[in-house]
Amino acid sequence: MSLLVVGLSHRSAPVSVLERAALSSDAQIKLLQDTVAAEPATEAAVLATCNRIELYADVDKFHAGVAELSTLLARHSGVGLDELSPYLYVHYEDRAVHHLFSVACGLDSMVVGEGQILGQIKDSLATAQELHTAGKLLNDLFQQALRVGKRAHSETGIDRAGQSLVTFGLEQLAAGGDVPAWASGRRALVIGAGSMSSLAAATLARAGVAEVVVANRTFERAERLAQILTEADDNAVAARAVRMDAVPDELTRADVVVSCTGATGLVLTAEAVAHAVEGRTGQPAVAHTTVPEVSAKTPLPPAGADENCPLDLAAVQPGFSVMGEAAVAGMDAATLEQHAAWVAGGTIDRTARRSPEADAELIAALAATAATVGRIPERRRPEPPAERPAPFFFLLDLAMPRDIDAAVHRLAGVRLVDIESLAEASADAPMAADVDQVRRIVSDEVAAFGAAQRAAHITPTVVALRTMAADVVASEIARLDGRLPDLDERQRGEIRQAVHRVVDKLLHAPTVRVKQLAAEPGGAGYADALRTLFDLDPETVAAVSRAGDSTDEKDRPA
C-alpha cells in the first residue's frame with residue numbers, strides 16, 4: 001500500500017473555485033466513508049481549511065487511486081470533474097509526505113509560517129480516527145506531521161515569516177498601519193464562534209477595541225466565547241453575545257466586522273451592508289468606481305431595475321447579487337467591464353469593440369454563469385487611493401465559501417478584506433530567512449519517516465521468520481525429549497538454551513542487515529525476498545501486521 005494525496009489549494013486554484021468546492025462537515029464525513037469503501041483505498045483523511053481541500057489515502061494502485069479520489073472530491077464538492085481537474089494536484093509516497101510536512105510547518109499557507117494549520121491537521125486526524133478511516137499509515141503520518149510542525153516553530157523563527165490569517169487580515173484592514181492604534185476604541189462584531197472567529201475576537205480584544213459583540217447560530221457558543229473574552233487576563237474588553245437575527249442592528253453600531261461561519265450562502269449581502277452604512281451615516285449608500293465617465297455617487301441599483309443590464313435577468317435564479325461576487329475563471333474582461341459599467345449606472349461604447357452578434361454571445365455566457373453560480377462575477381481593479389474616500393466601516397471575511405458579498409468593496413467608506421484579497425497581498429510578502437531552515441527540517445524528517453516506514457514494512461516478515469524458527473526449535477526439542485527420556489531437567493534446559501542460541505546467532509546478522517537495507521530507498525523488495533527464501537506463510541505475516549495495528553490502536557494517545 002502507498003500514500004496518495006489529491007487536492008487543490010490557493011496555490012493551484014482561484015478563490016472562486018475553492019469557494020464552490022468547499023466541503024461542509026457532513027460532506028467531509030461522507031467523503032471519508034466513500035473513500036475507504038472504494039476499491040483502491042483502505043485508509044482516508046480529509047484536510048479541509050479556508051484555502052485548501054486535500055484527500056489523503058492509502059491506496060494499492062496509483063492510477064486507479066488518482067482517478068477514484070479525484071472523482072470522489074468532485075462528487076462531494078459539487079464541482080464537475082472536468083471543471084475541477086485542471087486545479088487538482090497529486091502527490092505520491094515520499095512527495096505526499098513532503099507535502100503534508102510542509103503544510104504542517106506553514107510553508108504552504110497563504111500567510112507563510114502561520115500556526116493555525118497545526119490545529120486543523122489535528123482536527124482532521126481526530127475526525128478520521130473517530131470514523132475509523134485512519135489506520136496505521138495515516139495515524140503515523142499525521143501525528144508525525146504535528147511533531148514536525150511543532151519542531152519547525154520551536155527551532156526556527158518561521159513565526160517571523162508571517163502571522164495567522166487573522167492577524168494578516170487585520171493588518172490589511174489597517175492598510176499596513178499599527179493594528180492596536182487602528183483598533184483602539186472601535187466596536188467589533190464577530191460573526192461565528194468557531195476556532196477562526198474565536199481567534200479573531202481574542203486578537204481584536206488584545207488590540208484594544210472597546211467592545212466585541214459575538215453572533216452565532218448557536219447562541220450558547222456565542223455566550224461562551226463572550227464570557228471567555230470578558231474573563232481573559234490579557235485584555236479588558238466588554239464582550240456580549242447576540243443571536244443571528246440581531247446582526248442587522250449590530251451592523252449599524254459596529255466599526256469592524258469579522259465573519260467566519262460554515263454557512264453555504266452569504267451571511268452579509270451587499271444590500272445588508274448598504275443598509276448598515278445608511279444607518280450609520282444617515283445618507284444613502286453609494287457605490288465607488290473608477291470606470292471612466294461613470295459617477296462615483298451612483299446609488300446601488302436593485303436587481304432588474306435597469307433595462308440596459310447586460311443579463312437576461314429572467315433566466316437567472318432569484319436571490320443572486322447583481323453587484324457581483326467572486327471572479328470566475330475564463331470570463332471575458334470586456335464583458336465584466338460592460339457589467340461593471342451597468343452596475344455603476346454608466347454607459348460604455350460597445351460597438352467600438354465588437355459586433356452585436358459577438359456581444360450577444362458574451363451576454364449569454366455571462367447569464368449562464370450567473371445561473372450556474374447564483375451571482376454575477378465581480379471585476380476588481382486597483383483604485384488610486386486619492387479617488388476613494390477614507391473608510392469608516394471595515395469588514396474581514398475569513399470564510400470559505402465566503403460570508404460577505406464581495407460587491408461591498410464598491411461601497412464608498414467600506415473596506416473589505418477577504419480570502420481573495422489576502423491571497424493577492426500575501427503573494428508579494430517577503431520570505432524570512434528561517435524558511436530555508438524549515439525546508440531543511442522538512443527534508444530531514446521526510447527521509448526519517450520514509451526510512452521508518454520502510455523498516456516497519458519488513459518488521460512483520462522478520463517477526464514471522466523468528467516465530468517460525470521458534471516453532472522449529474520447539475518441535476525439535478519435543479522430538480528430542482521423546483528420543484532421550486532419561487535426560488534430567490538440567491540437561492534438557494542446557495540443550496534448549498544451546499539450540500536457541502544457535503538459531504538466534506544465525507538469524508541475528510541477516511535480520512539486522514535486512515532491516516537496514518529495507519530502510520533505504522528502494523528497499524521494499526527485501527521483505528518479499530525474505531518471505532520467498534524462507535517460504536513464509538503470507539497469512540502469518542499478515543496476522544503479525546494486524547496484531548501490530550491493534551496494539552497501535554490501543555496505545556494511541558487520546
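None of the values given here were measured: they were computed from a predicted structure.
In this structure, CD1 on Ile117 lies 7.5 Å from CG on Asn51, to the nearest 0.5 angstrom. Taking OG of Ser12 as the start and OH of Tyr87 as the end, the distance is 9.5 Å to the nearest 0.5 Å. Leu3 contributes atom CG, which lies 9.0 Å from atom CG of Asp94 (distance to the nearest 0.5 angstrom). Of the inter-residue distances, the one linking Arg95 atom CZ with Ser102 atom OG reads 7.5 Å to the nearest 0.5 angstrom. Between atom CD of residue Gln143 and atom CG of residue Leu125 there is a gap of 5.5 Å, rounded to the nearest 0.5 Å. Note that CG of Leu131 is 11.0 Å distant from CG of Leu31, once rounded to the nearest 0.5 Å.
Here the shortest heavy-atom pairing between Leu251 and Ala276 reads CB-CB, 3.6 Å. The shortest heavy-atom contact between Ala201 and Leu229 is CB-CD1, 3.7 Å. Taking all atoms of both residues into account, the shortest heavy-atom contact from His98 to Val446 is CA-CG2, 3.5 Å. The minimum heavy-atom distance between Arg221 and Ala193, with the atom names listed, is NH2-O, 3.4 Å. Across every non-hydrogen atom of Leu84 and Val17, the tightest pair is CD1-CG1, 4.3 Å. Of all heavy-atom pairs between Ala222 and Val242, the closest is CB-O, 4.4 Å.
Although no hydrogens or angles enter the test, the distance criterion places no donor-acceptor pair under 3.5 Å between the side chain of Asn216 and the main chain of Phe219. At distances below 3.5 Å, not a single donor-acceptor pair connects side-chain atoms of Ser184 with backbone N or O atoms of Pro180. Put simply, the side chain of Thr156 gets close to the backbone of Ala152: a donor and an acceptor are under 3.5 Å apart. The main-chain N or O of Ala74 is found under 3.5 Å from a side-chain atom of Ser77 such that the two form a donor-acceptor pair. Under a 3.5 Å cut-off, the side chain of Arg186 and the backbone N or O of Trp182 do form a donor-acceptor pair. Remark: the backbone N or O of Val417 is not paired with any side-chain donor or acceptor of Ser421 at under 3.5 angstrom. With Thr218 contributing its side chain and Glu220 its backbone, the two residues share no donor-acceptor pair below 3.5 Å.
Listed by chain and number, the residues in a side chain to side chain donor-acceptor pair (under 3.5 Å) with Thr35 amount to none (sequence neighbours excluded). Every salt bridge (Lys or Arg N to Asp or Glu O under 4.0 Å) that Arg11 has, sequence neighbours left out, goes to Asp108.
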Go through the steps for Asp403 and Thr261 under the test side chain to side chain donor-acceptor pair (under 3.5 Å), then give the verdict. CA-CA 7 Å; Asp403 281 347; Thr261 73; 2.9 Å; yes
Steps toward side chain to side chain donor-acceptor pair (under 3.5 Å) verdict (Glu231, Gln227): CA-CA 6 Å; Glu231 297 175 353; Gln227 181 179 1; 3.1 Å; yes
For Val442 and Cys105, run side-chain contact (heavy atoms from CB on, under 4.5 Å): C-alpha distance rounded to whole Å, both residues' side-chain angles, the deciding distance at 0.1 Å, then the answer. CA-CA 8 Å; Val442 168; Cys105 293; 3.8 Å; yes
Kindly indicate, with the supporting measurements, whether the criterion side-chain contact (heavy atoms from CB on, under 4.5 Å) is fulfilled by Met196 and Gln116. CA-CA 9 Å; Met196 188 77 79; Gln116 271 190 292; 3.3 Å; yes
Can you list the steps and then say if Gln437 with Arg440 is a side chain to side chain donor-acceptor pair (under 3.5 Å)? CA-CA 5 Å; Gln437 186 179 351; Arg440 287 192 293 271; 5.1 Å; no
Salt bridge (charged side-chain N to carboxylate O under 4.0 Å, His left out) between Arg20 and Glu83, worked out: CA-CA 11 Å; Arg20 292 172 54 209; Glu83 183 179 357; 2.5 Å; yes
Output, in order, the C-alpha distance, side-chain angles, deciding distance and verdict of side chain to side chain donor-acceptor pair (under 3.5 Å) for Asp26 and Ser24. CA-CA 5 Å; Asp26 290 341; Ser24 65; 5.4 Å; no
side-chain contact (heavy atoms from CB on, under 4.5 Å) between Val256 and Val190, intermediate numbers included: CA-CA 8 Å; Val256 183; Val190 176; over 6 Å; no
Run the side-chain contact (heavy atoms from CB on, under 4.5 Å) check on Phe392 and Thr281 step by step: do they pass? CA-CA 10 Å; Phe392 56 83; Thr281 64; 3.6 Å; yes
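Within a 6.0 Å radius of CZ in Arg243, no more than 12 heavy atoms belonging to other residues, nucleotides or ligands are found. Remark: Glu130 CD is loosely packed, at most 12 non-hydrogen atoms of other residues, nucleotides or ligands lying under 6.0 Å away. Crowding of Arg217 atom CZ: a count of heavy atoms from other residues, nucleotides or ligands under 6.0 Å not exceeding 12.
A heavy-atom distance below 4.5 Å is found between the side chains of Ile419 and Leu165. Inter-residue side-chain proximity for Leu118 and Lys150 is flagged as met; some heavy-atom pair is nearer than 4.5 Å. Two residues are said to be in side-chain contact when any heavy atoms from C-beta on lie closer than 4.5 Å; Val5 and Leu55 fail this criterion. Looking at Gln28 and Leu32, their side chains never come closer than 4.5 Å, going by heavy atoms from C-beta outward. Using a 4.5 Å heavy-atom cutoff, the side chains of Leu416 and Leu411 are not in contact. Between Ser197 and Ile191 there is no side-chain heavy-atom pair separated by less than 4.5 Å. No side-chain heavy atom of Val414 sits under 4.5 Å from any side-chain heavy atom of His409. The shortest distance between side-chain heavy atoms of Phe449 and Val148 does not fall below 4.5 Å.
Ion pair Asp418/Arg402 flagged as a salt bridge, since at least one NZ, NE, NH1 or NH2 atom sits closer than 4.0 Å to an Asp/Glu carboxylate oxygen. Using a cutoff of 4.0 Å between basic side-chain nitrogens and carboxylate oxygens, Arg151 and Asp444 are not scored as salt-bridged. Classification of Glu211 and Arg240 as a salt-bridged pair holds, one side-chain N sitting under 4.0 Å from a carboxylate O.
Checked against a 6.0 Å centroid threshold, the rings of Phe101 and His99 do not count as neighbours.
Remark: of the listed residues Arg415, Arg187, Arg280, Arg280 is the sole one forming a salt bridge (Lys or Arg N to Asp or Glu O under 4.0 Å) with Asp255.
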